[in-house]
*Asks:* 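I am attaching a structure below and will ask some questions about it afterwards.
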Protein chains: 2
Amino acid sequence: MHQSNDYFMTLPERTVERLSEYRRSLLQCLEEGKTHIFSHELANLHHNTAVQVRRDIMFIGYTSMQRKGYDVRELVDVIGEILDSEMGLNVAVIGIGNLGRAFTTYFVGKRSKLNIIATFDVDTTKIDRVISGVKCYPLNRLKEVVETHQISIAILTVPADSASEVAAQLVEAGIKGLMNFTTIPLNVPNEVFLDEYDMITSVEKVAYFVKSPRE
Amino acid sequence: MHQSNDYFMTLPERTVERLSEYRRSLLQCLEEGKTHIFSHELANLHHNTAVQVRRDIMFIGYTSMQRKGYDVRELVDVIGEILDSEMGLNVAVIGIGNLGRAFTTYFVGKRSKLNIIATFDVDTTKIDRVISGVKCYPLNRLKEVVETHQISIAILTVPADSASEVAAQLVEAGIKGLMNFTTIPLNVPNEVFLDEYDMITSVEKVAYFVKSPRE
DNA sequence: TCGAAACTGTGATTTAATTAACAATATTTC
DNA sequence: GAAATATTGTTAATTAAATCACAGTTTCGA
Ligand SMILES: NC(=O)c1ccc[n+]([C@@H]2O[C@H](COP(=O)([O-])OP(=O)(O)OC[C@H]3O[C@@H](n4cnc5c(N)ncnc54)[C@H](O)[C@@H]3O)[C@@H](O)[C@H]2O)c1
Ligand SMILES: NC(=O)c1ccc[n+]([C@@H]2O[C@H](COP(=O)([O-])OP(=O)(O)OC[C@H]3O[C@@H](n4cnc5c(N)ncnc54)[C@H](O)[C@@H]3O)[C@@H](O)[C@H]2O)c1
């Protein structure tokens, strides 16, 4: 039973994240030949509750076969309709150092609607080479390459002290979404979607809760 | 004016994260010779409001010089008292592949109360070598090394298909905090603090909001 | 010396996210 | 085919987080 609204409202960020995570588990289920899954099973695979799973799925307007659970294949497809763009989106990695290379290598292996089609750096030993399977361009060709290849998303892995400057260039070049892995919080115009993740903060948080366990 | 409670309640996770982020900005301020900072200045450096900053600082029981803003040095120290352990904590990286190496290289450079003092792998070409400045041990010596070096935190960067198994070994070895960078959600006993971060999910979220901007 | 201005600290309020509760529905069992 | 069981979808209640609103200080300027 597949029923999806023609006009989706924008989903809460956390729901979008969970849908992405559910999809990965569901694809795994498919590989194992599992065709149906209950909300509590999906919940157990992630750290949450059956109610939360049902609510997330309700958000995207999919409904199950009552009492049989969700059809895994259909659910994967519906999540795909929500998360993916028909024709895919093009992605660039900016700063192809240790983290940029690790990310690119990992990502390029995955089948996905997101294609890393360029990397950028200022290091002349990297420019014009193919690194992690993707061509590296000089940063000063950013705008040109972004336009000709219709790149809409950038992954920022440059050193902290050039992060703000490079971010401004990305905005100027017409990037629509920015994933910032540097430790510097960025300012971008409202119409550019920005997500930031700081590994060091995460590890410091773990350390805090190791030192001060809850209850 | 430095007034800290003897017994802290456990802070909300988001507050702990923000404190870690504030600290980094504050250290930067110190380097630039800035001795005092207002809540709205700190807020501007991060993506939040002056009230939020004041509330976070209230949580840790620090109070400013009225009308002069917060003393940067003191605030750094108070945040340190909250986040850091007196004698530091020892950390191990499990799976010293692309991501593990990037992380280790980056982290080892930082002055911090968290010391990466061992890495573990199963690849015999890596074992017993020093990689990213840290000695790599065979995974089967995990328990022994964790005990002798009093390692309490593990960073998990092994391939997805061995993540669960290795996590169980880490728990068994007595790890108290686990930062999981694999794409597999883990189950650990309640007394082990677990944080998980999935880069792919983050990028998929950015893609979703690029495709479906808010309002 | 007395406002006015600039910030902080915090109770009250609002908003957002999660969880509980349960009616509706399909399936199995006897 | 009726009762028992399992599971969903959704409304209502709860909890947690963020924001508002403002009184209380300190400083400044006239
Ligand atoms: N490595 C990690 O695990 C880790 C963890 C947390 C945060 N980070 C952050 O990620 C960023 C990159 O870390 P890394 O370890 O990969 O560093 P790195 O030094 O290995 O790589 C940085 C790369 O950026 C390039 N670069 C420098 N200036 C540039 C510019 N203006 N435009 C384009 N490219 C430029 C360099 O040539 C280099 O290739 C840093 O900001 C760091 O704070 C990394
Ligand atoms: N590279 C990235 O940017 C990235 C992004 C998202 C998620 N991840 C996740 O991080 C993990 C590591 O990614 P990577 O790109 O570094 O992979 P990688 O293959 O480069 O590294 C994996 C390392 O783990 C070692 N290993 C394998 N089995 C092990 C075991 N049982 N115990 C200890 N070590 C073992 C391998 O020898 C190798 O050195 C994966 O689970 C991946 O899903 C990586």
Side-chain angles (χ1 to χ4, degrees), chain A residues 1-5 8-22 26 29 34-72 74-75 78-79 185 205 209 214-215, chain B residues 1-5 8-22 26 29 34-72 74-75 78-79 201 205 209 214-215:
Chain A
M1 207 88 339
H2 169 192
Q3 171 238 316
S4 66
N5 309 333
F8 292 115
M9 79 258 81
T10 324
L11 303 174
E13 275 198 43
R14 283 298 290 120
T15 295
V16 173
E17 288 177 12
R18 284 190 297 258
L19 289 172
S20 159
E21 287 158 13
Y22 298 158
L26 292 170
C29 288
K34 192 170 168 61
T35 61
H36 290 80
I37 192 167
F38 296 127
S39 57
H40 65 262
E41 291 178 296
L42 199 42
N44 284 343
L45 292 175
H46 300 270
H47 304 286
N48 68 160
T49 63
V51 184
Q52 181 74 77
V53 168
R54 296 206 297 274
R55 182 157 296 272
D56 289 331
I57 290 176
M58 192 182 123
F59 260 121
I60 62 176
Y62 179 72
T63 83
S64 72
M65 329 261 301
Q66 278 274 8
R67 182 69 217 245
K68 274 223 168 55
Y70 300 94
D71 183 298
V72 179
E74 282 183 2
L75 188 47
V78 177
I79 293 176
K205 180 176 69 174
F209 284 105
R214 300 186 262 213
E215 63 253 41
Chain B
M1 206 86 340
H2 170 189
Q3 170 237 317
S4 66
N5 310 333
F8 293 112
M9 80 258 81
T10 325
L11 303 174
E13 274 198 45
R14 282 299 288 123
T15 294
V16 173
E17 288 178 10
R18 283 190 298 258
L19 289 173
S20 159
E21 288 159 11
Y22 298 158
L26 293 168
C29 289
K34 192 169 168 62
T35 62
H36 292 80
I37 192 167
F38 297 127
S39 58
H40 66 263
E41 291 179 296
L42 200 43
N44 284 342
L45 292 173
H46 299 269
H47 303 285
N48 68 160
T49 63
V51 185
Q52 181 72 77
V53 169
R54 297 206 295 276
R55 172 97 35 205
D56 287 332
I57 290 176
M58 190 182 125
F59 261 122
I60 63 178
Y62 178 71
T63 83
S64 74
M65 330 259 302
Q66 277 274 10
R67 184 65 222 248
K68 274 223 167 56
Y70 301 93
D71 183 298
V72 178
E74 283 184 4
L75 187 47
V78 178
I79 293 176
T201 287
K205 180 176 68 172
F209 283 105
R214 301 186 262 213
E215 62 257 38

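Chain identifiers are assigned alphabetically (A, B, ...) following the order of the sequence lines, protein sequences preceding nucleic acid strands; residue numbering begins at 1 within each chain.
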*Asks:* Under 3.5 Å between N/O atoms: give me all the protein pairs with nucleotides 19-22 of chain C, atom names plus distance.
*Replies:*
{"unit_1": "C/dT19", "atom_1": "O4", "unit_2": "A/Arg55", "atom_2": "NE", "d": "3.4"}
{"unit_1": "C/dT19", "atom_1": "O4", "unit_2": "A/Arg55", "atom_2": "NH2", "d": "3.4"}

*Asks:* If you round to the nearest 0.5 Å, how far is OG1 of A/Thr35 from CD of A/Glu74?
*Replies:*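 With rounding to 0.5 Å, CD (A/Glu74) is 10.5 Å from OG1 (A/Thr35).
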*Asks:* Whole angstrom is fine here: how far is it from CG in B/Leu42 over to P in C/dG9?
*Replies:*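 These atoms are roughly 13 Å apart.
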*Asks:* Return the nearest nucleotide to the side chain of B/Pro12; candidates are D/dT7, D/dA17, C/dC7.
*Replies:*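 Out of D/dT7, D/dA17, C/dC7, the nucleotide with an atom closest to B/Pro12's side chain is D/dA17.
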*Asks:* Look at the side-chain N and O atoms of B/Tyr62 and state whether any lies under 4.0 Å from the OP1 or OP2 oxygen of C/dT8.
*Replies:*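 B/Tyr62 to C/dT8 OP1/OP2: no side-chain N or O under 4.0 Å.
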*Asks:* Measure the distance from CZ on A/Phe38 to C1' on D/dT8 and round it to the nearest whole Å.
*Replies:*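 Computing the A/Phe38:CZ to D/dT8:C1' distance gives 11 Å.
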*Asks:* What's the closest nucleotide to the A/Arg18 side chain, out of C/dT18, D/dG9, C/dT8?
*Replies:*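 So the nucleotide nearest the side chain must be C/dT18.
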*Asks:* With heavy-atom distances below 4.5 Å as the criterion, would you say the side chains of A/Arg54 and A/Val51 are in contact?
*Replies:*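 Contact flag for A/Arg54/A/Val51 side chains = yes.
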*Asks:* Just wondering, are more than 12 heavy atoms of other shown residues or ligands nearer than 6.0 Å to NZ in A/Lys34?
*Replies:*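 Correct, the count exceeds 12.
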*Asks:* Side-chain N or O of A/Ser64 less than 4.0 angstrom from OP1 or OP2 on D/dG9?
*Replies:*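 For D/dG9, OP1 or OP2 has a side-chain N or O of A/Ser64 closer than 4.0 Å.
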*Asks:* Could you state the atom-to-atom distance from CG of B/Asp71 to P of C/dC7 in whole Å?
*Replies:*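 Rounding to the nearest Å, CG of B/Asp71 and P of C/dC7 are 17 Å apart.
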*Asks:* Rounded to whole Å, please give me the gap between CD in A/Glu13 and C1' in C/dA16.
*Replies:*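 Taking CD of A/Glu13 and C1' of C/dA16, I get 13 Å after rounding.
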*Asks:* If I take atom NE2 in residue A/His36 and atom P in nucleotide C/dA26, what distance separates them, rounded to the nearest angstrom?
*Replies:*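 It works out to 14 Å between those atoms.
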*Asks:* Rounded to whole angstroms, how far apart are CE on A/Met58 and C1' on D/dA12?
*Replies:*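 Checked: the CE to C1' distance equals 12 Å.
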*Asks:* May I ask you to evaluate whether B/Ser39 reaches the phosphate of C/dT8, defined as a side-chain N or O under 4.0 Å from OP1 or OP2?
*Replies:*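 So the side chain of B/Ser39 is within the cut-off, an N or O lying under 4.0 Å from OP1 or OP2 of C/dT8.
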*Asks:* Return the CD to CG distance between B/Glu17 and B/Asp56, rounded to the nearest 0.5 Å.
*Replies:*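 Separation between the atoms: 11.0 Å.
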*Asks:* For the pair A/Arg18 and A/Glu21, find out whether any cationic side-chain nitrogen is under 4.0 Å from an anionic carboxylate oxygen.
*Replies:*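 Judged by the 4.0 Å cut-off on N to carboxylate O distance, A/Arg18 and A/Glu21 do not form a salt bridge.
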*Asks:* What closest approach, in Å, do B/Glu41 and B/His36 show between heavy atoms, and which atom pair accounts for it?
*Replies:*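 Scanning both residues, the minimum pair turns out to be OE1-O, 4.3 Å.
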*Asks:* Taking OP1 and OP2 of C/dT27, is either one under 4.0 Å from a side-chain nitrogen or oxygen of A/Lys68?
*Replies:*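 The answer is yes; a side-chain N or O of A/Lys68 sits under 4.0 Å from OP1 or OP2.
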*Asks:* Send over the distance from B/Arg14 CZ to D/dT19 C1', rounded to a whole Å.
*Replies:*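 After rounding, the reported distance stands at 15 Å.
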*Asks:* Of the nucleotides D/dG9, C/dG9, D/dT7, which one has an atom closest to the side chain of A/His40?
*Replies:*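 Nearest to the side chain of A/His40 among the choices is D/dT7.
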*Asks:* Any side-chain donor-acceptor pair under 3.5 Å between A/Asn48 and A/Tyr22?
*Replies:*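 There is such a pair between these side chains.
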*Asks:* Without decimals, in angstroms, what is the distance between A/Phe59 CZ and D/dT11 C1'?
*Replies:*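 To the nearest whole Å, that distance equals 14 Å.
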